[in-house]
Amino acid sequence: DIQLTQSPSSLSASVGDRVTITCRANQRIYTYLNWYQQKAGKAPKVLLYAASSLQSGVPSRFSGSGSGTDFTLTISSLQPEDFATYYCQQSYSIPWTFGQGTKVEIK
Amino acid sequence: EVQLVESGGGLVQPGGSLRLSCAASGFILSSYWMHWVRQGPGKGLVWVSRINSDGSSTSYADSVKGRFTISRDNAKNTLYLQMNSLRAEDTAVYYCARGRPGFAGVDVWGQGSTVTVSS
């Protein structure tokens, strides 16, 4: 199984901050990497797919980059509604796997 | 509006069975691969199973293989997850999700159905 390691596991940030979350795979997954946002008690929401493609309706402050084994999710200017847990997920091979999550909290 | 609505969750004793349903609306189910993903209490997301568009091919996580069966009825626009020999560690919120073409993850999630396995 492909392992995805996110860092950090949690972070505290202020509104307006630039936030970067990384996701590292233990083998090459090309750009089969997707990002989801989940708020407490809610279903996940798609942010980005294929490493850098923005899901329709998602604000442009979210961006993704990377290929191979190293990927990044960036929030250019953190907004109050962005405080949530973020997961990366690989769709290169079955079983699909998720990172352990990064919780973004208010500083 | 594209929507997935799960049902069938509840409390079941260890060793028992439960069948989850996922009703799709706003799109043609037969055009999409579908997935189940679960999330234990306070835990992260875990992929459970997938089925191709016509139901001829399925895959499972090792943790549920041989106990869970994914199926679909495209005429009824409904996805299923039959769960047998349930264990305490199967306790989770189960989400159905629509596969994005090109194996680029999922693009629509249901709201989730809670399964609790306890005596």
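Here is how names work: the chains are called A, B, and so on, in the same order as the sequence lines, proteins then strands, and each is numbered from 1. Atoms considered below: every heavy atom in the structure, side chains included; atoms not considered: hydrogens, waters and symmetry mates.
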Asker: Heavy-atom count check: over 12 atoms from other residues, nucleotides or ligands less than 6.0 Å from A:Glu105 CD?
Answerer: yes
Asker: With chain B as the partner, which of A:Pro44, A:Ala51, A:Ala40, A:Gly99 has the greatest number of non-hydrogen pairs under 4.5 Å?
Answerer: A:Pro44
Asker: For the NZ atom on A:Lys42, are there more than 12 heavy atoms of other groups (residues, nucleotides or ligands in this structure) within a distance under 6.0 Å?
Answerer: no
Asker: Same cluster or not: are A:Val46 and A:Leu33 linked, directly or through other Ile, Leu, Val, Met, Phe, Trp or Tyr residues, by side-chain heavy atoms under 4.5 angstrom apart?
Answerer: no
Asker: Taking 4.5 Å as the heavy-atom cut-off, does anything in residues 38-65 of chain B contact chain A, and if so which residues?
Answerer: B:Gln39, B:Lys43, B:Gly44, B:Leu45, B:Val46, B:Trp47, B:Arg50, B:Ser59
Asker: Applying the 4.5 Å side-chain criterion to the ILVMFWY set and letting contacts propagate, would A:Tyr36 and A:Tyr49 be lumped into a single cluster?
Answerer: no
Asker: At under 4.5 Å between heavy atoms, what parts of residues 97-118 of chain B are in contact with chain A? List them by residue number.
Answerer: B:Arg100, B:Gly102, B:Phe103, B:Ala104, B:Gly105, B:Val106, B:Asp107, B:Trp109, B:Gly110, B:Gln111
Asker: Please determine whether residues B:Leu11 and B:Val93 belong to a single hydrophobic cluster, defined as Ile, Leu, Val, Met, Phe, Trp and Tyr linked transitively by side-chain heavy-atom distances below 4.5 Å.
Answerer: no
Asker: If hydrophobic clusters are built from ILVMFWY residues whose side chains come within less than 4.5 Å, do A:Leu48 and A:Leu4 share one?
Answerer: yes
Asker: With a 4.5 angstrom heavy-atom cut-off, could you sort out which part of A:Gln38 is near chain B: side chain, backbone, both or neither?
Answerer: side chain
Asker: Would B:Leu20 and B:Val5 show up in the same hydrophobic cluster when neighbours are defined by side-chain heavy atoms closer than 4.5 Å?
Answerer: no
Asker: Identify which part of A:Tyr92 has an atom lying under 4.5 Å from any heavy atom of chain B, answering side chain, backbone, both or neither.
Answerer: neither
Asker: Take atom CZ of B:Arg67 as the centre, draw a 6.0 Å sphere, and report whether it contains more than 12 heavy atoms from other residues, nucleotides or ligands.
Answerer: yes
Asker: Under 6.0 Å from the CZ atom of A:Arg28, do we count more than 12 heavy atoms belonging to anything else shown?
Answerer: no
